[in-house]
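Shown next, in structure tokens, is the structure this report addresses.
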Amino acid sequence: PTPPKPKGQVELPALAIEGVPLMPTITGVEVDHLQMTVIWAQGGAEDVPISGELVYTPAASDVGRVLLCSVLPDGTPASALKARVGPVESAADQDGLSGIVKP
């Protein structure tokens with residue numbers, strides 16, 4: 001018998017920081033770039049979709065929230081891969097990480 005196709009995986013950076021773009025890394029599955037769908041949402045009692053772009057930059061309204069990223073490699077719900085990151089940290093709390101040198 002043929003072994004089952006390996007399930008793909010979507011990975012996100014370890015940290016989500018306000019103003020720093022996030023982009024999922026998709027591995028283990030063929031991606032149809034014309035059909036692929038990406039959905040970013042704020043997690044909570046009800047997930048709130050916030051973007052359909054591949055790259056999402058957390059905003060002030062995301063601080064303290066968990067972000068969910070769903071990737072449909074071929075555009076069908078059956079192919080959905082999910083990952084989460086967060087809670088989103090405030091840019092103001094990132095001393096020394098922003099590349100801005102304080103005197």
Side-chain angles (χ1 to χ4, degrees):
T2 22
K5 286 172 87 172
K7 182 85 171 107
Q9 207 176 339
V10 60
E11 295 174 7
L12 292 172
L15 281 181
I17 300 168
E18 175 192 359
V20 179
L22 295 170
M23 183 173 154
T25 302
I26 302 147
T27 55
V29 67
E30 258 188 65
V31 174
D32 180 334
H33 290 282
L34 297 177
Q35 299 296 322
M36 181 175 81
T37 305
V38 177
I39 303 158
W40 288 92
Q42 275 185 349
E46 297 211 359
D47 298 342
V48 180
I50 47 179
S51 175
E53 300 295 321
L54 178 61
V55 176
Y56 178 70
T57 303
S61 57
D62 297 316
V63 172
R65 309 293 296 270
V66 170
L67 297 179
L68 311 173
C69 180
S70 301
V71 178
L72 285 52
D74 62 8
T76 64
S79 71
L81 305 172
K82 299 183 180 210
R84 60 179 44 226
V85 63
V88 176
E89 298 178 18
S90 165
D93 294 340
Q94 303 304 316
D95 277 353
L97 290 183
S98 64
I100 299 168
V101 180
K102 295 185 178 165

Checklist entry - For Gln35, which residues count as a side chain to side chain contact (heavy atoms under 4.5 Å, CB included) partner, sequence neighbours excluded? => result Asp32

Checklist entry - Excluding sequence neighbours, so at least two apart, what forms side chain to side chain contact (heavy atoms under 4.5 Å, CB included) with Ala60? => result Glu18

Item to check | Ile39 side, atom CD1; Ser51 side, atom OG - distance, nearest 0.5 Å | outcome: 10.0 Å

Checklist outcome for this item: The reported gap from OG1 in Thr27 to CD in Gln9 (rounded to nearest 0.5 angstrom) is 5.0 Å

Checklist entry - How far apart are the closest heavy atoms of Leu54 and Trp40, and which atoms are they? => result O-NE1, 3.5 Å

Next on the checklist: Apply side-chain contact (heavy atoms from CB on, under 4.5 Å) to residues Leu15 and Glu89 and explain how you reach the verdict.
Outcome noted: CA-CA 8 Å; Leu15 281 181; Glu89 298 178 18; 3.2 Å; yes

Checklist entry - Does the pair Leu67 and Val88 meet the rule for a side-chain contact (heavy atoms from CB on, under 4.5 Å), with working shown? => result CA-CA 7 Å; Leu67 297 179; Val88 176; 3.7 Å; yes

Item to check | Leu12-Val31 co-clustered via ILVMFWY side chain contacts under 4.5 Å | outcome: yes

Checklist entry - In chain order, what residues pass the side chain to side chain contact (heavy atoms under 4.5 Å, CB included) check against Val71, with sequence neighbours excluded? => result Val10, Pro24, Ile26, Met36, Val38, Cys69, Pro73

Checklist entry - Which residues satisfy the side chain to side chain contact (heavy atoms under 4.5 Å, CB included) test with Val55, sequence neighbours excluded? => result Pro21, Met23

Item to check | Any side-chain heavy-atom pair of Ser70 and Lys82 under 4.5 Å | outcome: yes

Item to check | Remaining members of the apolar cluster that contains Leu68, side-chain heavy atoms under 4.5 Å | outcome: Val66

Next on the checklist: Is a donor from one side chain sitting under 3.5 angstrom from an acceptor on the other, for Asp62 and Gln42?
Outcome noted: yes

Checklist entry - Quick one: side chain to side chain donor-acceptor pair (under 3.5 Å) partners of Asp74, sequence neighbours excluded? => result Thr76, Ser79

Checklist entry - Is the closest side-chain heavy-atom distance between Pro58 and Leu22 below 4.5 Å? => result yes

